[in-house]
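One structure below.
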Amino acid sequence: MENDDKSSRIRGFYDLPLKKRHQLLIERGFLSPQELENLCSEGNLPLEIAENMIENVIGTFSFPLGIGLNFRVNGRDVLVPMVVEEPSVVAGASFMAKLAREGGGFTAHADDPVMIGQLQVLDVKDLQAAEESILNQKEQLLGSLVDVDPVLRDLGGGPKGLETRQIPHSAIGPFLVIHLLFDVRDAMGANAVNTACEKLAPHLEEITGGRVHLRILSNLADRRLASAACTIPLESLAFGEYTGEQVRDGIIEAWAFADADPYRAATHNKGIMNGVDAVLLATANDWRAVEAGAHAYAARYGFYRSLSTWSRDQAGNLRGKLELPLAVGLVGGATRVHPGAKAALKLMGVESAQELTEIIVSVGLAQNLAALRALATDGIQKGHMRLHARQVAIAAGAEGEQINQLADQLILDKQVRIDHAKEILNSWK
Ligand code: MEV
């Protein structure tokens, strides 16, 4: 398997020149030359497409696109496109995916793609009675929405449930909230759900005698959870002077900090989102929606906590789990029109939103492990330094071969700062 052409374990990829990396992706059949061009060319979003995506377009804006290596998700190898501006993210995820692979890779699961649409019903005299009337007519109400999106209907999506909630205390007094549960199949779902909510509103007004105010999707997509788990064999954790036990226990201690303290949990979860967002960006998905949902979910017990858990299994190995709401789409939205996003999906070989979700949640878990392993051992700066030093060198004006030379010098001097970089550059003139 490790020698398989489609293996995600590509030794030496990091050291290959960029052109050779491209060649390898074509030779191994991950992408056709045209798909590679769509994915990787500078400015891979044609202006005429960009102009139709948002308003007041004056251009496009590029970020680095890297490949997360070594990922095996539910027994399948996958190369993961990651768009991110921060050094060490892609390297960290790839390295941790390698450790996870030694324990069989990631096991991931995505719920059915059921989103929640919210309707705020105001001016209702008797909330209890209104709730009962709605629930009594639930089937008819859901039935009225079956044909809202014929494509979704034919794919098995559409309205799946209706729930009522009372908000007893608010700045404007008590009111009713109706949740429409809507299966959006391979879409992120905002458009389908918002349309369905707007269609449902007059029926609810009729039944309750109230006034429907807001009609909008909720980003706390907790009916659309994704989870990933991995086991890192104890022996794979040992490195340098650290034993496997030390690294494992250090990671569990670091996780416990995040699980108990919101100040730490925010940073811990940000590390998870480094990986999640990078794949969302590469596939032109709505990362703000996922961010909002993830953080709201992290606070679901009324206390902001870690989205992941780390523990030791019976054999003493490290076991990690991550769960978060993940609303992603393959159809509709920008993913459908962005040539790079389309090629990114091809690279991963995903054919459903659920498959994409399972990869993304696995990358989040790998990214979390990378941060915890570094923090629990050498500290985060050591790994960051090399790429950071290169960025400082470039910012100071280094070009070509000078970049690596200057970065090495900054690290050697233990002064990775722009003023020092400029000083050295000047001394080289
Ligand atoms: C930096 O982008 C992410 C980390 O701060 C995450 C963490 O502290 O767990 C390293």
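When a ligand or atom number is given, it counts from 1 through the structure's own listing order.
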Original post:
Quick one: does NZ or CZ of R373 land under 6.0 Å from the six-membered ring centre of F239, within 45 degrees of the ring axis?
Top reply: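 Flagged: R373 positioned over aromatic ring of F239.
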Subject >> Residues N274 and K270: side-chain donor-acceptor under 3.5 angstrom >> reply: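 The criterion, which ignores hydrogens and geometry beyond distance, is satisfied for K270 and N274.
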Original post:
In terms of side-chain heavy atoms, does R215 have a donor or acceptor partner in N194 at a distance below 3.5 Å?
Top reply: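 There is no such pair (donor and acceptor under 3.5 Å, judged by atom type) between the side chains of R215 and N194.
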Write out the residue and atom name of the closest protein heavy atom to [atom], then the distance separating them to 0.1 Å.
atom                    : result
atom 5 (O) of ligand 1  : T267 CG2, 3.5 Å
atom 10 (C) of ligand 1 : I380 CD1, 3.7 Å
atom 8 (O) of ligand 1  : R264 NH1, 2.8 Å

What are the two closest heavy atoms between [X] and [Y], and how far apart are they?
X    : Y    : value
G329 : L356 : O-CD2, 4.4 Å
I252 : R312 : CD1-N, 3.7 Å
V78  : S8   : O-CB, 3.3 Å

Within the 4.0 Å heavy-atom shell around [X], which atoms of ligand 1 are there?
X    : value
E86  : 1 (C), 2 (O)
L375 : 7 (C), 8 (O), 9 (O)
A371 : 6 (C), 7 (C), 9 (O), 10 (C)
H268 : 9 (O)
K270 : 1 (C), 2 (O)

Subject >> Mode of N274 contact toward ligand 1 - side chain, backbone, both, neither (heavy atoms, under 4.0 Å) >> reply: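 The answer is the side chain.
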Original post:
Does CD belonging to E235 count more than 12 external heavy atoms closer than 6.0 Å?
Top reply: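 Buried by this count: over 12 neighbours within 6.0 Å.
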